[in-house]
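Everything quoted here is computed from the prediction, not taken from an experiment. Sequence lines set the chain letters: A, B, ... in the order given, protein chains first and strands last, and positions in each chain run from 1.
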Number of protein chains: 2
Amino acid sequence: MTMVRNAAGRLVPDEIPGIGSVRPFEGVTGVAPSPAFNTIMEVERDVVPMGTNKIAPDLRTAIERSGLCDGMTIGFHHHLRNGDRVVAQVLEELNCMGFKNLVLMSSALLECHNFVVDYIRSGLISQIYAPIRGAVGDYFQTENEKLPPVIIRTHGGRARAVEEGSIAVDVAFIGASACDMSGNMTGMSGPSAFGSLGYGMQDARFSRHVIAVTDNLVEYPLRPRVSIPQYLVHQVVVLDSIGDPQKLATGSIRITKSPTQLALAYHAYELIAASGAICPGFSYQAGGGGISMAVTQYVREYMQRKDITGSFALGGITADMVSLLEEGRFQALFDVQSFDPAMGASMLRNPTHYEIDASWYANPLNAGCMTHQLDVAVLGALDVDVDFNVNLLTGHDGYLRSGMGGHPDAAGGAKLTVVVLPSFRRGLPSIKKRVQTICTPGASVDAIVTERGICINPRREDLLKQALDSGLNVVDIEKLRQDTEALTGVMDPVEFDESRVAAVVEYRDGSILDVVYGMKR
Amino acid sequence: MTMVRNAAGRLVPDEIPGIGSVRPFEGVTGVAPSPAFNTIMEVERDVVPMGTNKIAPDLRTAIERSGLCDGMTIGFHHHLRNGDRVVAQVLEELNCMGFKNLVLMSSALLECHNFVVDYIRSGLISQIYAPIRGAVGDYFQTENEKLPPVIIRTHGGRARAVEEGSIAVDVAFIGASACDMSGNMTGMSGPSAFGSLGYGMQDARFSRHVIAVTDNLVEYPLRPRVSIPQYLVHQVVVLDSIGDPQKLATGSIRITKSPTQLALAYHAYELIAASGAICPGFSYQAGGGGISMAVTQYVREYMQRKDITGSFALGGITADMVSLLEEGRFQALFDVQSFDPAMGASMLRNPTHYEIDASWYANPLNAGCMTHQLDVAVLGALDVDVDFNVNLLTGHDGYLRSGMGGHPDAAGGAKLTVVVLPSFRRGLPSIKKRVQTICTPGASVDAIVTERGICINPRREDLLKQALDSGLNVVDIEKLRQDTEALTGVMDPVEFDESRVAAVVEYRDGSILDVVYGMKR
C-alpha cells in the first residue's frame, strides 16, 4: 500500500489489503459535507415466514438456520463490557462447527475477549472490525502475518459505516437480558440487565439476519419496554448466561479519590464555569473516567448553587447522571451505553432517561446526532501532544490498550471540549511532542487541563481571554511539556516496524486519521 | 396492458402504465415465502451538516431547501384522518410554487382531501399511491384520462413497499402534535395530539428528506416521549394548525346502538367463544366499526366472567381497548394508529400501550409482524361474497368509498378471522355472488356473521363442528345470499368501462389482487 500524508500530518495508506481504497483524513470540517451530500442505505434482510417458531433449541441450530457461510461477517455489541459471555459462546460453537475465515465485527473487544486470538490462529476469524486491546491487540502488533489491519472506528463512525454499508453484517448475535419468543428484547430488565442496548439497536436494523441471545426468556410480549422490536429479529437462542453485568463497570468507571486528580478536575470545572457554558439549558457529556466524573461533581455543585437547570446529558451514562436527572438538574438523559447495570432500572422509572441507538448518538452523516448538540464535553486521554491531538489507543510502550469510544464524536460536536489528564502517570509524561496515535484531532479539542495548569488551544482566543479574566492558571502547552519532561525525563521512542500496519484509525467521517504499526521484532 | 386471471379469479393487468410490470395474486400462501427469501432495503437519505438550524421560517422555504423537483414523490400520513390539514397546506404551497407532476403517497386520503382533485387538474399531482375515496375516487372512476391507476395497498403492504423500495419517497411531510427544534416528534402530546405516529415512524426511516410539520414547537429535547428521533428529520416547519384531532374519530368509530347489529355482534362473540379462542394469553384485534366494537364488549364481559387475561390487543386502538388494558384484561396494546385522540395520553401513562410502526404492525415480509401473531380478528366489510371474499373499497354503485386499512393484514395473520356485517343495508344485500372488488381473499376469512346466521368457510371444518356443537345458528352462505335476495331483490350490475382501470388493489405481498374500473359514461 502507498502511504500518503493526511491533514493531521500522519502517513496513512490510501489502500488497505482486504478492504480496498480509503481516503486520508482531510480535517474535522470533513464531517460537515455540503447539503447536497447523501448517504445510501442498502441492506439485505431475511424474511421470517408466518408461523415460524423463532426459538432455536441451541446455538448450533440457530447458526445453521441463519445461512452463515465461511467468509461472512458476524456482529456483536459490547454492552456487557468485560462481563460479556456472548462472543465466547458463539465463537466456540462456530469453531466446533468448522467455520473458517469469518469477519468479526463488534462495537468493542475487551480483555475478556482475549480468547479471540485462539480463533484467529485456528482460522475461524480472518478479519476484525472493532476497537481491540489486550491479547488481540498484542497479536496484531507482534504476531500477525496474514490478517488485514484492524479497522478501529469511533461509536459514531461505526454507526455511519453500518448505515452506509461499509460494514454489512450477515449475522448479528445480540445479547439481551430479557427477550420473548418473538425476539422483542431489551437490556433494561432481567438478572443480567446491562442498561441501554444502543449499539445492538443499530445492528438489528442493518444486519441480514439477527439472532437474539438471552438468558432470560420472558412471557410474550416483553414488558414494560421493548428496545429492539420483534420484526427485526429472526431467531431467539436461550443460553445459561449472557455474562456478568457486575463486571460492566470495572475499569475506569468510578470517581477519583486522588487529591491531585481532584485538583485537576477542579481546574477543569473552573475553566468550564469561566467560559460561561454552565447556563440554563446547557448540555453536557462526561466520559466514564474518574477525573471526568469528578468534574461532573463540581459542575453539579455549581448548578445547585446557582439553581441552574441544564437541557440534557449524553453518553455513556453513569449513576451520577441519573442523580442529576432525578434532582431536576437535567431534563433528559440520552443513553447509548450504560456504565452501570442499574441504568436499566433508571430507564424503566425515568421516562426521560432515553435509550438511543448509535446513529442517534453520534453518526456524523445522518440528519442530526446528539453529539452535534453538545455544549460541553469533558473527556479523558492516555496522552496528548502540543498540537492538542489526543491518543486514546496506544500506551507508552506502543501497544493497543483501549478503545476510543465516542471521544472523537463528542469532541467533534461539542462547543467546548475539555480533555483532562494528569501531566504524568507512573513517572511517564502525558504531554508529548507528538502523540503516538491520533484518535481525536487537536482541531476539535479546546483545552487540555492538567493538575499543573490549563492549556488552551490557540484557535480559541475567546476561551483564553475568559480563562485569564477569571485568573485561572493558564500555561503554554509547549512549556508544560518541557517542564514535565524536566521531571520525568524524555521517553525513548518506541521501535515500530513501519512495514507492518497492525491497525487503522478511522475518523468518524470514514477518512483515515492514523495507523498503529507492528512492533519491531 | 394485458389482463391475466389471478388466483382469486380476477382479471388483473400484468403491467401498469407509469408503474411497470406487476405479478398477479397467487394465493394467501404467497405471503410465506421460502426462508431463503430476502428483501433489500435501499434508501437514499440527505445529511444535515452539524450546526444547521433545522427550523425553516415557512413551508415554502422548507420545500425549497428539501431539493424537491418536478416528478418527485411526496409522502404523508393520515393519523389525523378527516381532521388533517397538513396535506392541504403543503399542496397549496407546492401549487403556488409552480411544481408539476408530483407523485402523492399517503397512508390514506379521506373526504377531507377532496381538494386533491383540483391539484390533479392543475397538473401538480400526476400519480397517487394511497387508498382513495370521495371526490378523488370519483375523479379516477369518471374523469381521469391521463393519470396511471391509483395503487391501493394495505397498511402492511405499504410498509412492505416502502421497505423494499417499491415506493421511494423523496420528501415526507410528517405532521406532529409536538416537535422540538431538532425534529424529535410525537403525536402523543400537545393540543393537536392524535396518538400513535405509526405510519409516520416508517416514513421517517425510508424517505430521502423528512420535514416535520407541527403546530406545537416545544423546548428541546421533546419530553416525555419521542416517537420519531431527530436524526431522521431534516427540517421543522411550524404552522398555525396541523388539523383538528376531534375529527379523528368521526365516521365509523363508535359502538353500535342498533338492536339488530347488537344481536349480530352477539352471534359473532358466541362463535369466537365456541371456538375456544378466548383463553388465557389470547390476542385480539377488532376493527373500528360499531359492530366490531360491540363484539369486543361481549368478549370483555366473557373475560371478566371467566377471569381470563389475554396477551395483547392490536390495531387501530380505541378507548375500549385502553379500558381492557387498564383493568388488566390484556397485558399490552400495540398501537399503529389511534382511533381516539385520547390514546396519546394513554400511551404516556401506560408503559405497555406500545406505539408501533407500520412494519411492526403488519409488513408480511419482515422478520415477524404483529398481525401474524393474532389469535382472533373481528373485522367489518362493505359486502362479501359466497366465496368469503371481502370488499372494503367500492360501494353498491361501484364507486370507491373507503380504504382497506389493515383488514387483509389482520385476516391474513389471525388464526380466527370473523367478518361481521348486516345481511343487508338500506334495502341492499351485503352477500353477493361475487363482490365487486376483492380486498381480503376468502381464503383468509374463517367466518362471516350476520344477524341472520353464521356462515363458516368450508375449509374450517373444525370451526363448523365447534359452532354446531354449541348450537349456534349456522347457515349456508349460498342459502343466506338467496334468502337475502328474496327480501331485497337482486341488484343490477354496475356498468363499468372495462377499458379503463381506475385503481389497482394490491395484496399485502405486492401481487395484484383486483382492479377497480372506471364508470361507463
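L365(B) and V47(A) make their closest contact through O-CG2, 3.4 Å (heavy atoms, listed as atom of the first residue, atom of the second, distance). P224(B) and T352(A) get closest at one heavy-atom pair: CA-CG2, 3.8 Å. Between K54(A) and A367(B), the shortest heavy-atom distance links the atoms NZ-O, 2.7 Å.
Between chain B and the residues G413(A), A332(A), P221(A), the largest count of heavy-atom pairs under 4.5 Å involves P221(A). Of the residues considered (H209(B), R65(B), Q230(B)), Q230(B) shows the highest number of contacts with chain A, using heavy-atom pairs under 4.5 Å.
A heavy-atom distance below 4.5 Å is not found between the side chains of Y354(B) and P229(A). In this structure, the side chains of W360(A) and L232(B) stay at 4.5 Å or more apart for every pair of heavy atoms. Using a 4.5 Å heavy-atom threshold, the side chains of Y231(B) and N363(A) count as separate. In this structure the side chain of E163(A) never reaches within 4.5 angstrom of the side chain of R45(B), judged on heavy atoms.
Here the CZ-CZ distance, from F312(A) to R223(B), works out to 12.0 Å after rounding to the nearest 0.5 Å. For the atom pair OG (S182(B)) and CE (M370(A)), the distance works out to 7.5 Å, reported to the nearest 0.5 Å. In this structure, the separation between SG on C369(B) and CE on M50(A) is 8.5 Å, given to the nearest 0.5 Å.
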Query raised in the report: Checking side chain to side chain donor-acceptor pair (under 3.5 Å) for the pair Q373(A)/Y220(B): CA distance, chi angles, key distance, verdict?
Result: CA-CA 10 Å; Q373(A) 287 183 274; Y220(B) 186 87; 3.0 Å; yes

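Of the two parts of L222(B), only the backbone, made up of N, CA, C and O, holds a non-hydrogen atom closer than 4.5 Å to a non-hydrogen atom of chain A. In this structure, chain A has a heavy atom under 4.5 Å from the backbone of R225(B), while its side chain stays farther away. In this structure, the portions of V226(B) lying under 4.5 Å from any heavy atom of chain A include both its backbone and its side chain. With a 4.5 angstrom heavy-atom cutoff, E219(B) touches chain A only via side-chain atoms.
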